[in-house]
Amino acid sequence: MLKTRFDNYPKGKPFSTILGDFLGRGIFNVDGDLWKFQRKMASLELDKFSIRAYAFEIVRYEIGDRLIPLLSSVSGKEDGVLDLQDVFRRFSFDCICRFSFGLDPRCLEITLPMSDFAYAFDLASKLSAERAMTVSPLVWKIKRKLNLGTEKKMKEAIKLINILAQEVIRQRRKMGFLSHKDLLSRFMHTVTDETYLRDIVISFLLAGRDTVASALTSFFWLLAKYPQVGSAILEEADSVLGPNQELRSYEQMGDLHYLQAAVYESMRLYPPIQFDSKFCEKDDILPDGTLVRRGTRVTYHPYAMGRIEELWGQDCLEFRPERWLRDDGTFFPENPYKYPVFQAGLRVCLGKDMALLELKCVAISLLRRFQIHLMTSCHTPRFSPGLTATFSGGLPVLVREKEPYQSS
Ligand code: HEM
């Protein structure tokens with residue numbers, strides 16, 4: 001479905017209708033020429049050069065000037081419980097806005113400002129996912145027509161999202177976009193349709209904010225459960241970067257094999273996008289002989305695939321980064337079709353390098369400075385409905401600064 005018959009498995013109409021109000025014609029919700037155009041434009045912005053040149057500095061600033069001061073401000077306070085999931089969403093929201101739109105929403109400032117945009121965004125994502133869970137699409141369509149219940153809420157959330165997305169576009173236009181190299185400016189050179197620009201803004205926010213926050217949340221949940229993995233990450237960082245040193249360049253990340261393994265292993269167990277569906281265009285036969293009729297919804301399911309014994313062995317439920325390392329300690333990348341956490345094939349995630357950069361920088365910086373204690377004793381996280389995996393109830397933690405911390 002992802003590899004040899006890509007053209008036969010588009011996103012399909014049923015899903016583009018469900019997500020249409022929220023995502024419009026944004027990259028996640030289209031096929032064909034609209035998809036090709038956005039993919040081409042975005043890939044120019046998300047290539048390794050841009051990540052190295054712009055994203056690394058943005059991420060470093062966001063960690064050094066916002067994330068660390070925020071955690072330090074509650075360190076050691078018995079009433080200083082932080083919802084780490086909320087903090088990570090603010091972090092990734094600031095990062096993606098600055099990188100994609102050249103604007104700084106300052107969500108991670110120490111006062112943790114309330115954001116109507118973020119609230120409306122979460123609500124629209126949750127309600128869109130709930131549409132897909134109704135017995136028949138007729139249910140939500142009738143509610144939408146009559147402006148009732150959840151559909152009324154959805155309409156209100158989308159109205160707010162539209163106003164704020166238009167504001168992003170207006171500000172970018174006011175600041176001038178001709179000489180800027182961010183993603184939105186690039187699109188503004190060619191796209192004049194305001195609604196289409198709005199859809200592009202929303203899709204990139206969804207792509208860059210919720211996925212990274214989800215990956216960070218489950219990673220820190222696992223690190224709290226398996227402290228030996230955190231110690232091994234720091235040990236490797238000390239030997240590669242020097243004792244207590246920070247990452248000073250993008251290139252240095254390439255030598256942190258254990259860290260890469262830990263990040264991949266975390267997303268094997270807790271992929272931010274747990275499943276993803278396509279629709280079969282013409283009758284097809286899968287490699288195992290299964291007949292797939294035209295119009296059938298076909299889902300690949302990274303969450304389930306990460307837990308299949310035949311794929312990952314008897315210890316598939318254990319968090320064991322070593323499974324990603326060769327005998328000489330170097331990282332071994334698995335076949336993306338076995339590990340479709342970033343999808344695989346022609347529609348593979350464009351933000352993978354950006355995501356890995358954020359995950360690794362946050363992990364090293366926070367593990368170096370803080371001890372993070374979970375305030376929940378749950379053995380397996382519960383997720384709430386949404387387009388990306390979200391811990392229901394968040395990730396409440398108490399934070400304590402390790403001392404003495406020798407800053408580099
Ligand atoms: C850990 C973090 C991330 C994960 C697990 C992830 C995973 C995925 C997956 C599974 C898809 C396919 C979705 C679909 O077709 O329905 C996707 C697509 C995409 N991702 Fe990511 N993503 C992450 C972070 C990011 C970031 C940070 C960005 C942007 C800066 C980004 C940009 C995109 C874009 C633009 C697409 C659409 C590709 C296309 O349709 O051709 N992603 N991602």
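Every number for a ligand or one of its atoms is a count from 1 in the order of the listing. Owing to the predicted nature of the structure, the values given are computational and were not obtained by experimental measurement.
Contacts with ligand 1 closer than 4.0 Å are made by heavy atoms of both the backbone and the side chain of Ala207. The side chain of Lys11, and not its backbone, has at least one atom closer than 4.0 Å to an atom of ligand 1 (non-hydrogen atoms only; side chain from C-beta on). Only the side chain of Arg39 comes within contact range of ligand 1, with a heavy atom under 4.0 Å; no backbone atom does. Within the 4.0 Å heavy-atom criterion, the part of Ile96 lying near ligand 1 is the side chain and not the backbone.
Of the residues listed (Asp31, Asp7, Asp276), the one engaging Arg347 in a salt bridge (charged side-chain N to carboxylate O under 4.0 Å, His left out) is Asp31, and it is the only one.
Less than 4.0 angstrom separates some heavy atom of Val341 from each of these atoms of ligand 1: 5 (C), 7 (C), 10 (C). Every atom of ligand 1 is numbered from 1 in the order shown, and the set under 4.0 Å from a heavy atom of Phe204 is 35 (C).
Using a cutoff of 4.0 Å between basic side-chain nitrogens and carboxylate oxygens, Glu57 and Arg98 are not scored as salt-bridged.
Which of Ala344, Cys349, Ser214 comes nearest to atom 8 (C) of ligand 1 through a heavy atom is settled by distance: it is Cys349.
Residues Pro105 and Cys97 approach most closely at CD-CB, 3.5 Å, considering heavy atoms.
A centroid separation of 6.0 Å or more is found between the aromatic rings of Phe331 and His257. Checked against the 6.0 Å centroid threshold, Phe391 and Phe383 count as a close aromatic pair.
Classified by interplanar angle (parallel below 30°, tilted 30° to 60°, perpendicular above 60°), the ring pair Trp221/Tyr270 is perpendicular. Between Phe204 and Phe187, the ring planes are tilted. Angles from 30° to 60° get that label. Taking the six-membered ring where the residue is Trp, Phe220 and Phe88 present tilted rings, their angle falling between 30° and 60°. Phe319 and Phe219 have perpendicular rings, their planes meeting at more than 60° on a 0 to 90° scale where under 30° would count as parallel.
Residue-to-ligand polar distances keep Glu358 apart from ligand 1: every N/O pair is separated by 3.5 Å or more. Of the N or O atoms in Asp276, one or more lie within a sub-3.5 Å distance of an N or O in ligand 1. Residue Tyr300 places no N or O, backbone or side chain, under 3.5 Å from any N or O of ligand 1.
There is a side-chain donor-acceptor pair under 3.5 Å between Glu265 and Trp324.
Counting protein heavy atoms only, atom 40 (O) of ligand 1 is closest to Arg347 NE, 2.9 Å. In terms of protein heavy-atom proximity, atom 24 (C) of ligand 1 is closest to Thr211 OG1, 3.2 Å.
Note on ligand 1: Gln38 sits outside its first shell, no heavy atom being nearer than 4.0 Å. Residue contacts with ligand 1 do not include Phe99, since none of its heavy atoms lies under 4.0 Å from the ligand. By the 4.0 Å heavy-atom criterion, Ala42 is excluded from the residues contacting ligand 1.
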